[in-house]
Amino acid sequence: MLVASVAAVAFVIMQLQKHDTSATPPATQPVTHASPWGATQAGYREVDAPVAKALRGLPVQVRLPASAGKPAGVYRAAKSVRVRYATGSHFGVYLLTVWAPGSGAGPRTIAGLAKACHVCTHNRLIRLASGVSAAVEAGGGRPSIVTWREGGHTFEVRGPAASFSNRVAVAAARAIARANA
């Protein structure tokens, strides 16, 4: 009787393993992640309209400097907007994100950003325009980021480390800050 019970349990276990797909490892497939600099922006919906019209219908108003070139895409979320620039822009590939008042980083947080990046080689506070200070986080193989507050809004430019250097990030941020002054 004991032998029959053990044999029955062994049979059931073998049948479960045969039908259990989790017991066999899944086929190896390359994992593809969308580029953060590409046309798809997580959490944002692309506005399908010419740039001038797209900018008028956003939840956050932003002025884009002509010196930056033509954006590759304008995106919206509930309390923020994003403008994507591609290789044809004056500053290269980067994202401009602007948050509505009360939704972005405050002045104290921005001041902390300039000190928080321990691997960045260019983190510091800078002046973008009269009365506008910004935190720079760049270097160390990380994306170059400049964050500031202006008119109650939080602005951020962010670009890939390989092509959007500290110098280029600051130049783009200055142009945007001056356009929105």
Side-chain angles (χ1 to χ4, degrees), residues 34-47 51-52 54-55 58-77 79-117 119-181:
S35 166
W37 323 116
T40 301
Q41 295 296 310
Y44 289 85
R45 183 176 55 83
E46 186 168 12
V47 179
V51 173
L55 291 174
L58 296 173
V60 178
Q61 294 303 302
V62 61
R63 289 185 291 270
L64 303 176
S67 64
K70 184 180 178 190
V74 177
Y75 303 79
R76 67 179 294 147
K79 295 182 179 183
S80 63
V81 299
R82 180 168 285 167
V83 180
R84 183 175 62 88
Y85 286 92
T87 55
S89 81
H90 177 70
F91 301 110
V93 175
Y94 71 100
L95 301 172
L96 162 65
T97 307
V98 184
W99 288 270
S103 299
R108 196 176 280 171
T109 301
I110 291 172
L113 290 173
K115 300 172 189 167
C117 182
V119 298
C120 295
T121 54
H122 299 290
N123 55 319
R124 65 194 184 285
L125 282 174
I126 61 166
R127 182 170 307 273
L128 294 178
S130 179
V132 180
S133 294
V136 176
E137 300 171 81
R142 293 177 38 113
S144 298
I145 304 167
V146 180
T147 309
W148 72 98
R149 288 195 51 85
E150 188 171 9
H153 296 81
T154 302
F155 289 75
E156 177 189 87
V157 294
R158 171 188 296 254
S163 61
F164 196 64
S165 69
N166 170 55
R167 182 184 56 76
V168 174
V170 170
R174 281 199 171 114
I176 294 163
R178 288 180 184 139
N180 287 278

- Any chance you could measure Ile176, atom CD1, to Leu128, atom CG, to the nearest 0.5 Å? 9.5 Å
- Item | Residues that Glu137 engages under side-chain hydrogen bond (donor to acceptor under 3.5 Å, both in side chains), provided they are two or more places apart | none
- Note on the structure: Scanning both residues in full, the closest heavy-atom pair of Pro71 with Val83 reads CB-CG1, 3.5 Å
- Task: Kindly write out the residues that satisfy side-chain contact (heavy atoms from CB on, under 4.5 Å) with Arg167, not counting sequence neighbours, or none if the list is empty.
- Result: Ser165
- Contacts satisfying side-chain hydrogen bond (donor to acceptor under 3.5 Å, both in side chains) that involve residues 88-105 (not counting sequence neighbours) are Arg82-Thr97
- Just how far is it from atom CZ of Phe164 to atom CG of Asn166, taken to the nearest 0.5 Å? 10.0 Å
- Heavy atoms, side chains only, cut-off 4.5 Å: are Ile110 and Ser133 in contact? no
- Task: Mind jotting down which residue pairs meet the side-chain hydrogen bond (donor to acceptor under 3.5 Å, both in side chains) criterion with at least one end in residues 66-75? Sequence neighbours excluded, please.
- Result: Tyr75-Arg84
- Query: Taking all non-hydrogen atoms of both residues, which atom of Val168 and which atom of Phe91 are closest, and how far apart?
  - Reply: CG1-O, 3.4 Å
- Can you tell me how far CG of Asn180 sits from CD of Gln61, rounded to the nearest 0.5 angstrom? 10.5 Å
- Item | Where Arg178 and Ala129 come nearest, the two heavy atoms and their spacing | CG-CB, 4.5 Å
- Task: Locate the shortest heavy-atom distance separating Val146 from Ala173; write the atom from each residue and the value.
- Result: CG1-CB, 3.6 Å
- The reported gap from CD1 in Ile126 to CG in Asn123 (rounded to nearest 0.5 angstrom) is 12.0 Å
- Query: What residues, two or more places apart in sequence or in another chain, satisfy side-chain hydrogen bond (donor to acceptor under 3.5 Å, both in side chains) together with Arg174?
  - Reply: none
- If every non-hydrogen atom of Pro59 is compared with every non-hydrogen atom of Val81, which pair is closest and at what distance? CD-CG1, 3.9 Å
- From Leu64 CG over to Leu96 CG, what is the distance, rounded to the nearest 0.5 angstrom? 6.5 Å
- Message: Give me the atom names and distance for the closest heavy-atom approach of Thr121 to Gly139.
- Response: OG1-CA, 3.4 Å
- Message: So, using salt bridge (charged side-chain N to carboxylate O under 4.0 Å, His left out) as the criterion, who are the partners of Arg158 when residues are at least two apart?
- Response: Glu156
- Task: Provide the full list of side-chain hydrogen bond (donor to acceptor under 3.5 Å, both in side chains) pairs with a residue in residues 143-153, sequence neighbours left out, each pair given once.
- Result: Trp148-Glu150, Arg149-Thr154
